[in-house]
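Below is one structure, written out as structure tokens; comments come after it.
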Amino acid sequence: MDSSEITYSEIKSVFRECFNIKNKSEVMNMSSLIHNRKYATEITADNDGEQVSIAGWVHEKRHLGGVFFLIVRDLSGFAQVTLHKHKGGVEQELFERVKKVARESVVTIEGKVKSEPKAPNGYEIIPERMEVLSEASQILPLDTTGKVGAELDTRLDARFMDLRTERTKHIFIIRSQVLKAIRDFLDERGFIETNTPKIVSAATEGGTALFPISYFEREAFLNQSPQLYKQMLMASGFDRVYEIAPIFRAEEHDTTKHLNEATSVDIEVAFVSDKEVMAILEELIAFVYSKVGGYPGLAKLNWELEVPKIPFRRITYDEAIELLSEAGEEIEWGEDLSTSAEHTLGEIIGELYFITDWPCAIKPFYAQPVDVGVKGKRKDICNAFDLMHPKVELASGSQRVHSYELLKRNIESKGLSADSFEFYLDAFRFGMPPHAGWGLGVERLLMSMLGIDNIREVVLFPRDRRRLAP
Ligand code: AMO
């Protein structure tokens, strides 16, 4: 089986292990049925006649004459529970209880499997016992069947329930697979996973505002990027490091592509230039696409993935502004590319591509200039690159300045105080190898891969200009 597919037996074995380490009697008190629970898709028509128990949420209730259908949903899918009206006895009592249970209540059901080609997964369950573990309120914030659509804001306000819908559930299973694929790829290539502080004392990405926090009697900030720390690790001899962690940007943007708390995959590699880390980046993207491409849940998003061919096209910043000028969009040399310029370029190029050779003036102080000291030959250009999807920027990176003197000058020339970077600069005074790296936005990668327009869709609990809860 492809490692990117979820195997429900795997999920189930983890689930069982969880129970094994818990106090069994507590579990039994909760419901004796849970212990032997099967996932809906674990049962098939081949189990005809067998006794099973399932647990999940009441997804739908349908009453057709003397027959009542209860659709129970769990992580794996749906099971149909079918009840026939009886006069008197246990069956009637069960029929009345099942009829009354509110949609989205959590139930366990025990009964016999009966082959039924018209039901989901080709079987139905004729119930003998039902326990309601948690009764839901009658008025629901969302319709989990997807029949009644809801605005994104309503969905985000009731995210726990939005996650019960098939589409949203699959987005987050894919997100988990993307992160696993990234880790597998980097681990395989000898990278060491690291964790650097999120409470910091200095900015890294010029122009991007910081979130100040109160840190006892001192000024501190939430980190914008692990930039300074991953570079300092290059002085440790670790050679190849990565981190997957939150980054905080206090930008006032209220767009479909910006979050105030995003997740970044950052790498830093010693003894290489920007060219090598660009190759790692494109290979990683192709690897992630190929892993996720095999996931059956993509169908729930009505989406097919085509693995991009590597190497990706590379254009220089100069070529980019020339292409834009031909398309009627004038950019002054040295200006950053606006969102509209990015869109125009995306339409012209139509695939993943790198923009290289950026003017140093619009890249951070740590980007290595191409021709140090050779004035006039090339304009002030850096070994920096951006990886672009036709609709959105995915990553930025560069070869880094590793000379202490140049780095200090660069910091000061950006109007920053070298004193506040002393802890960082120190690492450049006692043996710092040449190095390069990049930062890749996880949400940008996901939204672009899955053809999703709003970045909030791919974050469980997004933080944006207006949203601080849930
Ligand atoms: P940069 O600031 O370009 O570079 O960020 C790297 C990538 O992180 C993602 N990203 C965001 N995603 C959502 N919302 C935001 N507000 C947001 N800001 C950034 C983007 C972006 O391409 N230190 C450098 C990286 C490096 O050179 O190693 C940096 O942070 O996908």
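Whatever order the structure lists ligands and atoms in, that order sets their numbers, starting from 1.
Note on ring orientation: taking the six-membered ring where Trp is involved, the planes of Trp333 and Tyr317 are perpendicular (angle over 60°, cut-offs 30° and 60°). Ring geometry, Tyr424 versus Phe365: the interplanar angle exceeds 60°, so the pair is classed perpendicular (tilted spans 30 to 60°).
Of all the heavy atoms of Arg444, the ones lying under 4.0 Å from any atom of ligand 1 belong exclusively to the side chain. The side chain of Glu251, and not its backbone, has at least one atom closer than 4.0 Å to an atom of ligand 1 (non-hydrogen atoms only; side chain from C-beta on). Here His258 has heavy atoms under 4.0 Å from ligand 1 in both its backbone and its side chain. Under 4.0 Å from ligand 1, the heavy atoms of Arg400 that appear belong solely to its side chain. When heavy-atom distances to ligand 1 are checked against a 4.0 Å cut-off, Lys257 comes that close only through its backbone atoms N, CA, C and O.
Among the atoms of Ser225, some N or O lies under 3.5 angstrom from an N or O of ligand 1. For ligand 1, the polar-atom distance check finds an N/O of Leu259 within less than 3.5 Å of one of the ligand's N/O atoms. Note: an N/O pair closer than 3.5 Å links Leu394 and ligand 1 by distance alone. Considering backbone and side-chain N/O of Gly441, one or more are found under 3.5 Å from N/O of ligand 1.
Taking every non-hydrogen atom of Lys230 and a distance limit under 4.0 Å, the qualifying atoms of ligand 1 come out as 26 (C), 28 (O). Listed by number with element, the atoms of ligand 1 under 4.0 angstrom from any heavy atom of Ala395 are 22 (O). Atom numbering of ligand 1 starts at 1 in the shown order; those under 4.0 Å from a heavy atom of Glu393 are 3 (O), 21 (C), 22 (O), 31 (O). For ligand 1, the atoms lying closer than 4.0 Å to a non-hydrogen atom of Ile455 are 13 (C). Ligand 1 places these atoms under 4.0 Å from at least one heavy atom of Trp438: 26 (C), 28 (O).
Among Gly397, Ser396, Pro226, Ala367, the residue whose heavy atom sits closest to atom 1 (P) of ligand 1 is Ser396.
Shown here is Tyr215, whose OH atom has no more than 12 heavy atoms of other residues, nucleotides or ligands within 6.0 Å. Within a 6.0 Å sphere centred on CD of Glu422, other residues, nucleotides and ligands contribute 12 heavy atoms or fewer. Atom CZ of Arg189 has more than 12 heavy atoms from other residues, nucleotides or ligands within 6.0 Å. Within a 6.0 Å radius of NZ in Lys309, no more than 12 heavy atoms belonging to other residues, nucleotides or ligands are found. Other residues, nucleotides and ligands contribute more than 12 heavy atoms inside 6.0 Å of the CZ atom of Phe287.
At least one test fails for Arg463 against the ring of Phe461: distance under 6.0 Å to the centre or angle within 45° of the axis.
Between Phe248 and Phe211, the ring centre distance reaches or exceeds 6.0 Å.
Close to ligand 1: Arg249, with a non-hydrogen atom less than 4.0 angstrom away.
Scanning for salt bridge (charged side-chain N to carboxylate O under 4.0 Å, His left out) contacts around Asp386 gives Lys363, with sequence neighbours left out.
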